[in-house]
Amino acid sequence: MAEFVPPRLGACKGLAGPTHRKAPLGRRRRWLELTGLAVRHRNFGGRADAEPLERRTAVSSRSASSRASGVVAPRSVIDLTRDLHELALLAGEPQRVDQLLERALDTLRDVIPYDLAAVLELDGETLQVRCARGPLADERVRRHRIELARFPDLRRALETRRARTLDEADHGYGADPYHGLLDLPHGHSCMVVPLFAGERTLGALTFDRTRCERYETALVDLATIYGQIIALALTAAEYAASLERNSRQLAEQNRLLEGEVTGERDAGELLLLTQNPRMKRLAELARQVAATDAPVLITGPTGSGKEVVARAIHGWSRRRARPFVKLNCAALPENLIESELFGHKRGAFSGATETRPGRFAIANGGTLLLDEIGDLPLGAQAKLLRVLQEGEFEPVGSDRTVKVDVRILAATHVDLERALADGRFRSDLFYRLDVFPLAVPPLAERREDLLSIAVEILRGIAKRTGRGPWRLSAKNLERLRAYPWPGNVRELVNCLERATILSDGPELALELEAGANGREVERSLPLVTLAEHERAYLERVLDHTGGKLYGRGGAAELLGLKPSTLQSRMQKLGVVRARPRPAR
């Protein structure tokens, strides 16, 4: 059979050479494929069909005559259908979307000639290369980003959702996605296929070739079909990633909630129980600001109830059904604070064995309380400011921007204005947070609330431990009101918890110094050795248990010691076993 030499359809400007020349065997086969005189049979993995070339050529000749009469060659339909079928199966496996993109582009090369094929994802007003194949697919291409504001014709193609090929006049800024990046001849082959699903535009599929031949309409239609499969795969992968993020978010919320005290009344209800005028005003302001998304800076001494105010604001807001997440900025080392806030990718640092979401990702749609924000390192303050201003950040070890919708509440006992003067806190972050400041007064300045707070604490302890109930006598209540409470509500919680452990009945055995100067009385006591202090404490415990060492309610159980260890300590310190209590 005489050798067929395909004509050269066009020449790039400035390129010298004959109009006709003998093409290499590979190029001739490609030309035969494009003109319909032959069908190159390949399976999905790229293995060439073992059928002899003569028979394939004969089949292809029949295919060409069939096309001339309007009938599609059965063999070509079978091959193309198999490719599309296997791509559709991969599209149903979201975790393999990157593999699908590569395989789809590799398969298309058998029917659509290209030197560069790429899938670009749309992120806002920017197209980012997700996958690239072909001889021109180097590292520059894989990092390529296209700002649509500089490419109006490309933007128009995405908006109209119609695939297009570029004419010689189209090349340059405006339509050619790789203008200025690749040294391609003016007027080279280029095709752009928009990717979309439903109402959403996902990106584009592009084909580029160094030759100056316009892609034919049949190839554009075929690329459009493949583009729909790729769009389906990207959509499925996006939904799968969203489900995985939500699953991780719920798991992380459960982890954060483990060990927290349960059974307390709603924070908003607790705040409204107050009888103190200052606290009533604070509750009123908190309820007003809860209806907005404005940042709130809650100040007050340690243990005064700043978190209760924050939870009340969240409970009164439109975000009440979404997560409430807290982070104590003073409880983490500086090298881990950014990871906790923004999350990290696997391998981002030593010990990062898996990808973990940060508190911002977990709180997405809800509220994030940054407790003790005055102790936040300066480096993290700059990144926090960006999230407050733009609602986006990059996890540690990642270059992908994550967008979140989080309401920020900040709490601190530190004088931030002094921290500003000392250079320990950024002024721009302070003024961003100080939109609506709330000051929580110390417990000593709202003694009228002591009874309601104490009752709620005891109720929570009873529900958590299964013990109780307990009651506060009038005498004990007076002792609580006389005490200065330098540790505020947190100290009250510790005091009542200790009292419930030491009490063997409903009446609480409070250990408080009488009078408002209890701390001064304690400081005036003579200092003793550690052994003398331990001996005195053991004698008090034994007196409380009536000399009972073992079993339920015995001294060993209260002290958390083994009976043998307790006896050894008593012998060493010379503690005499107390007499049993007389029966009541």
Side-chain angles (χ1 to χ4, degrees), residues 34 44 80 83-84 86-88 90-91 94 96-138 140-148 151 153-167 170-171 174-179 181-182 184 188-211 213-238:
L34 290 176
F44 188 67
L80 186 58
D83 290 346
L84 291 172
E86 296 195 29
L87 285 174
L90 271 178
R96 301 175 63 187
V97 64
D98 290 314
Q99 180 184 352
L100 176 139
L101 298 180
E102 294 179 358
R103 299 279 290 275
L105 296 184
D106 289 343
T107 301
L108 279 172
R109 196 173 185 185
D110 286 340
V111 288
I112 301 178
Y114 65 77
D115 293 301
L116 172 62
V119 176
L120 298 95
E121 281 188 307
L122 183 64
D123 181 10
E125 290 293 306
T126 303
L127 283 171
Q128 168 73 54
V129 173
R130 171 77 179 265
C131 176
R133 306 293 281 180
L136 297 179
D138 57 16
R140 293 176 305 156
V141 170
R142 292 187 173 88
R143 293 197 305 263
H144 188 43
R145 296 174 66 90
I146 301 171
E147 301 295 336
L148 291 178
F151 292 82
D153 293 335
L154 186 56
R155 181 204 293 272
R156 193 174 302 112
L158 296 181
E159 291 174 348
T160 60
R161 297 187 170 187
R162 300 182 68 176
R164 62 169 298 182
T165 57
L166 303 190
D167 294 322
D170 292 325
H171 289 276
D176 185 356
Y178 304 101
H179 181 78
L181 181 73
L182 299 177
L184 294 173
H188 67 274
S189 305
C190 183
M191 173 168 40
V192 177
V193 179
L195 302 177
F196 55 89
E199 298 298 321
R200 296 183 57 231
T201 300
L202 304 176
L205 177 62
T206 65
F207 298 90
D208 287 88
R209 199 178 183 200
T210 55
R211 295 183 63 176
E213 298 172 355
R214 182 169 180 168
Y215 284 113
E216 296 181 1
T217 303
L219 297 183
V220 177
D221 293 340
L222 181 61
T224 301
I225 295 173
Y226 274 77
Q228 288 302 301
I229 295 178
I230 290 173
L232 171 66
L234 291 175
T235 303
E238 184 177 298

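Numbering starts at 1 and runs along the sequence shown.
- Under a 3.5 Å cut-off, the side chain of D138 and the backbone N or O of V141 do form a donor-acceptor pair.
- At a threshold of 4.5 Å between non-hydrogen side-chain atoms, the residues Y178 and L136 do not count as touching.
- By the 4.5 Å heavy-atom criterion applied to side chains, R200 and L202 are counted as neighbours.
- The CG atom of D123 sits 8.5 Å away from atom CD of Q128, with the distance rounded to the nearest 0.5 Å.
- Atom CZ of R161 sits in a crowded spot, with more than 12 heavy atoms from other residues, nucleotides or ligands closer than 6.0 Å.
- The backbone N or O of L120 lies less than 3.5 Å from no partner atom in the side chain of H144, so there is not a single donor-acceptor pair.
- Judged by distance alone, the side chains of Y114 and S189 never bring a donor and an acceptor atom under 3.5 Å apart.
- Atom CZ of R142 has more than 12 heavy atoms from other residues, nucleotides or ligands within 6.0 Å.
- The structure places CG of L182 at 11.0 Å from OG1 of T210, a figure rounded to the nearest 0.5 Å.
- Contact record, L105 with A117: CD1-O, 3.6 Å, taken as the closest heavy-atom pair.
- Between V192 and A204, the shortest heavy-atom distance links the atoms CG1-CB, 4.3 Å.
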(message) Determine whether V193 and V220 satisfy the following criterion, side chain to side chain contact (heavy atoms under 4.5 Å, CB included), listing intermediate values before the conclusion.
(response) CA-CA 8 Å; V193 179; V220 177; 5.5 Å; no

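- In this structure, L181 and R140 have side chains that are in contact, with non-hydrogen atoms separated by less than 4.5 Å.
- For the atom pair CD of E159 and OG1 of T201, the computed distance is 8.0 Å after rounding to the nearest 0.5 Å.
- Inter-residue side-chain proximity for T224 and L205 is flagged as unmet; no heavy-atom pair is nearer than 4.5 Å.
- Looking at heavy atoms from C-beta onward, D208 lies in side-chain contact with H188 at the 4.5 angstrom threshold.
- Side-chain atoms of R130 and L101, non-hydrogen and from C-beta on, do get closer than 4.5 Å to each other.
- Taking the charged nitrogens against the carboxylate oxygens, D106 and R109 have no contact shorter than 4.0 Å, which rules out a salt bridge.
- Of the inter-residue distances, the one linking Y215 atom OH with T165 atom OG1 reads 10.0 Å to the nearest 0.5 angstrom.
- If you take NE2 on H179 and SG on C190, they are separated by 12.0 Å, rounding to the nearest 0.5 Å.
- When atom types are taken as modelled, the side chain of R133 and the backbone of L116 share no donor-acceptor pair closer than 3.5 angstrom.
- Side-chain contact check for L108 versus F207: some heavy-atom pair is nearer than 4.5 Å.
- Distance check, rounded to the nearest 0.5 Å: CE of M191 to CZ of R214 gives 11.0 Å.
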(request) Go through the steps to decide whether L127 and L154 satisfy the test side chain to side chain contact (heavy atoms under 4.5 Å, CB included), and finish with yes or no. (result) CA-CA 10 Å; L127 283 171; L154 186 56; 3.9 Å; yes

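- Within the 4.5 Å cutoff, no side-chain heavy atoms of I146 are placed close to those of V129.
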